[in-house]
Amino acid sequence: MSHPVSCLSEGEEFGSRIGMTADSLVLLERNRTEDPWEMVETKPNIEALERGVPGLYFPCYDMLLTEDATWLVKVSEASPTLAGPMNRMESQEEPEQCPVIDSQEQGLSPGLEGQEEERSLEQVQSMVVGEVLKDIETACKLLNITPDPIDWNTANVQKWLLWTEHLYRLPHAGKAFQELTGKDLCAMSEEEFRQRSPLCGDTLHAHLDIWKSAAWMKERCSVIDTKAAGGEELWSEADSSCSGQPIHLWQFLRELLLKPHNYGRCIRWLNKEKGIFKIEDSAHVARLWGLRKNRPAMNYDKLSRSIRQYYKKGIIRKPDVSQRLVYQFVHPV
DNA sequence: AATCAGGAAATAC
DNA sequence: GTATTTCCTGATT
């Protein structure tokens, strides 16, 4: 499974740039799990299958590989939150959102009234792409790196490698890419990746390919959006990842809690209204926090000490009936 | 053995 | 100065 598919018959620059390798696409679904750190088995996890549109699963990949990329633009129109960098807080208010519903609600392709099949296809496509972009954005927040690999410094590259390796249970290959910047990385062919890392170079290359494509899409969408909307209000809902200030632990915990889809197995609400949450996997949460803050030695002992500092500040407290690993936000939102 | 509670000092910004 | 991070002692689950 390691020959790049020359995609996109209409070979304009859009298409060829967007085109992902066959590897990338296989990776997209093979390796996605709800909680990367918890991954025990590699199972296909495409929600389309679980939600009962089996017939559309494979065709959508054909489309990804062969169609021109106008649907990507539609995605950007349907999901303005994807357009600007880091500004999709609002869509994450709904923990278990369904991208298909999203698309319908936001009026995806209103001009296709008669063509149910095409419409469904587009829904699945936008869903898949949306999920990928969402994952990338999540990873960016987590690692505190930019979505576009071209901007990465050597430290960012190492972080990404560490993350990707951990995410997909790859052998550690960071050393082979030690002194490379994102720019270097982006310029490398799949072959060069394999030379650096015979074991997983192709996989890493494929993943980087996905990131590159996503960044390119994002940039294009934001250009379109800026033209259309005058570039205003894209930054209105500044979240912790673009506010410039270093993130606070309580904010970070809130972010994890906001994404049960991704982190529900390591931290979850016991009572969202009261702000009571439970850390289900202390080591895991600590690892994520350490990753975010560049503290490789972070552990739950230290993380919990930081939480306890919040007691006297009135940010977090122990619930009335104290339970192990259970805390409560003093001011639930 | 893992968590919890704080004091105290170190560190990053 | 703030917000942790690091380290530690002792208590609790």
Side-chain angles (χ1 to χ4, degrees), chain A residues 35-40 85-87 89 92 137-148 151-163 165-166 174 178-179 181-182 235 237-260 262-333:
Chain A
D35 188 340
W37 299 82
E38 290 284 304
M39 181 168 68
V40 176
M86 302 302 174
N87 62 332
M89 256 356 252
Q92 288 171 357
E137 215 150 315
T138 301
C140 286
K141 275 191 198 167
L142 201 67
L143 303 173
N144 208 13
I145 61 178
T146 63
D148 194 344
D151 299 324
W152 295 346
N153 60 28
T154 55
N156 296 153
V157 168
Q158 289 301 308
K159 256 184 164 181
W160 176 80
L161 283 168
L162 210 64
W163 166 252
E165 289 158 8
H166 211 117
Q178 202 126 57
E179 72 299 349
T181 65
W235 296 89
E237 183 104 25
D239 67 38
S240 53
S241 61
C242 67
S243 62
Q245 297 303 305
I247 189 172
H248 289 184
L249 176 56
W250 63 270
Q251 292 176 309
F252 181 77
L253 294 174
R254 272 232 146 91
E255 283 186 11
L256 296 187
L257 286 160
L258 227 45
K259 300 183 186 71
N262 293 311
Y263 305 111
R265 283 193 195 79
C266 65
I267 183 171
R268 66 184 176 88
W269 294 113
L270 288 189
N271 185 331
K272 191 170 181 181
E273 288 66 46
K274 291 184 178 173
I276 299 173
F277 62 96
K278 173 164 187 175
I279 296 171
E280 300 280 4
D281 184 336
S282 58
H284 185 160
V285 173
R287 209 154 48 215
L288 294 173
W289 177 234
L291 207 49
R292 177 59 177 271
K293 287 290 293 293
N294 269 321
R295 294 283 131 176
M298 181 54 59
N299 56 28
Y300 181 67
D301 187 48
K302 289 184 275 197
L303 185 152
S304 63
R305 182 71 190 92
S306 293
I307 291 180
R308 288 194 293 275
Q309 302 280 32
Y310 288 145
Y311 291 175
K312 61 166 165 275
K313 294 184 183 174
I315 296 172
I316 288 176
R317 68 185 180 88
K318 233 24 192 164
D320 295 324
V321 281
S322 177
Q323 306 166 71
R324 284 189 140 202
L325 299 166
V326 176
Y327 298 91
Q328 175 171 193
F329 285 104
V330 174
H331 303 295
V333 176

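Every chain is numbered from 1 and lettered A, B, ... according to where its sequence line falls, protein lines coming before strand lines.
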Original post:
Contact class for A:Leu303 (heavy atom, under 4.0 Å): base, sugar-phosphate, or nothing?
Top reply: nothing
Original post:
Nearest to the side chain of A:Lys302 - C:dT4, B:dA2, C:dT5?
Top reply: C:dT5
**OP:** Quickly work out the A:Leu253 CG to C:dT4 P distance and round it to whole Å.
**Re:** 10 Å
Original post:
Between C:dT6, C:dT4, B:dT3, which nucleotide gets closest to the side-chain atoms of A:Tyr300?
Top reply: B:dT3
**OP:** Show the numbers, then the answer: is there a side chain to side chain contact (heavy atoms under 4.5 Å, CB included) between A:Cys266 and A:Leu288?
**Re:** CA-CA 10 Å; A:Cys266 65; A:Leu288 294 173; 4.2 Å; yes
Subject >> Nearest-Å distance for atom pair CD1/P, residues A:Ile247 and C:dA3 >> reply: 14 Å
Original post:
Between atom CZ in A:Arg305 and atom C1' in C:dT5, what is the gap in whole Å?
Top reply: 10 Å
Original post:
So how far is it from A:Gln158 CD to A:Leu143 CG, rounded to the nearest 0.5 Å?
Top reply: 12.5 Å
Original post:
Does the gap between the ring centers of A:Phe252 and A:Trp289 come in under 6.0 Å?
Top reply: yes
**OP:** May I have the distance from A:Ile279 (atom CD1) to B:dA2 (atom C1'), rounded to whole angstrom?
**Re:** 13 Å
Original post:
Closer than 4.0 Å, any side-chain N/O of A:Ser306 to the OP1 or OP2 of C:dT5?
Top reply: yes
**OP:** For A:Ser304 and for A:Lys312, find the nucleotide of DNA chain B with the closest heavy atom, then tell me which residue's nucleotide is more 5'.
**Re:** A:Ser304
**OP:** Whole angstrom is fine here: how far is it from CD in A:Gln323 over to C1' in B:dA5?
**Re:** 18 Å
Subject >> Side-chain donor or acceptor of A:Lys278 paired with backbone N/O of A:Trp269 under 3.5 Å >> reply: no
**OP:** Select from A:Arg324 and A:Tyr311 the residue whose nearest nucleotide in DNA chain B is closer to the 5' end of that strand.
**Re:** A:Arg324
Subject >> Pair A:Tyr327 + A:Tyr310: ring centers closer than 6.0 Å >> reply: no
**OP:** May I ask you to verify whether the side chain of A:Arg295 and the base of C:dT5 hold a donor-acceptor pair under 3.5 Å?
**Re:** no
Original post:
Does the side chain of A:Trp250 get closer than 4.0 angstrom to OP1 or OP2 of C:dA3 through an N or O atom?
Top reply: no
Original post:
Can you find a side chain N or O atom of A:Tyr310 that sits less than 4.0 Å from OP1 or OP2 on C:dT4?
Top reply: yes
**OP:** Quickly work out the A:Ile315 CD1 to C:dT4 C1' distance and round it to whole Å.
**Re:** 11 Å
Original post:
Hey, is the side chain of A:Ser282 poking within less than 4.0 Å of OP1 or OP2 on B:dT3, counting only N and O atoms?
Top reply: yes
**OP:** Tell me, with the steps shown, if A:Ile316 and A:Leu253 meet side chain to side chain contact (heavy atoms under 4.5 Å, CB included).
**Re:** CA-CA 11 Å; A:Ile316 288 176; A:Leu253 294 174; 4.2 Å; yes
Original post:
How do A:Asp301 and A:Lys313 order along DNA chain C: which one's closest nucleotide is nearer the 5' end?
Top reply: A:Lys313
Subject >> A:Ile307 CD1 to B:dA5 C1', straight-line distance once rounded to whole Å >> reply: 13 Å
Original post:
What does A:Tyr327 touch in the nucleic acid at a heavy-atom separation under 4.0 angstrom: a base, only the sugar-phosphate, or nothing?
Top reply: sugar-phosphate
**OP:** Output the single nucleotide from C:dT4, B:dA5, B:dT3 whose closest atom is nearest the side chain of A:Gln309.
**Re:** C:dT4
Original post:
Whole Å only: how far is the CZ atom of A:Arg308 from the P atom of B:dG7?
Top reply: 11 Å
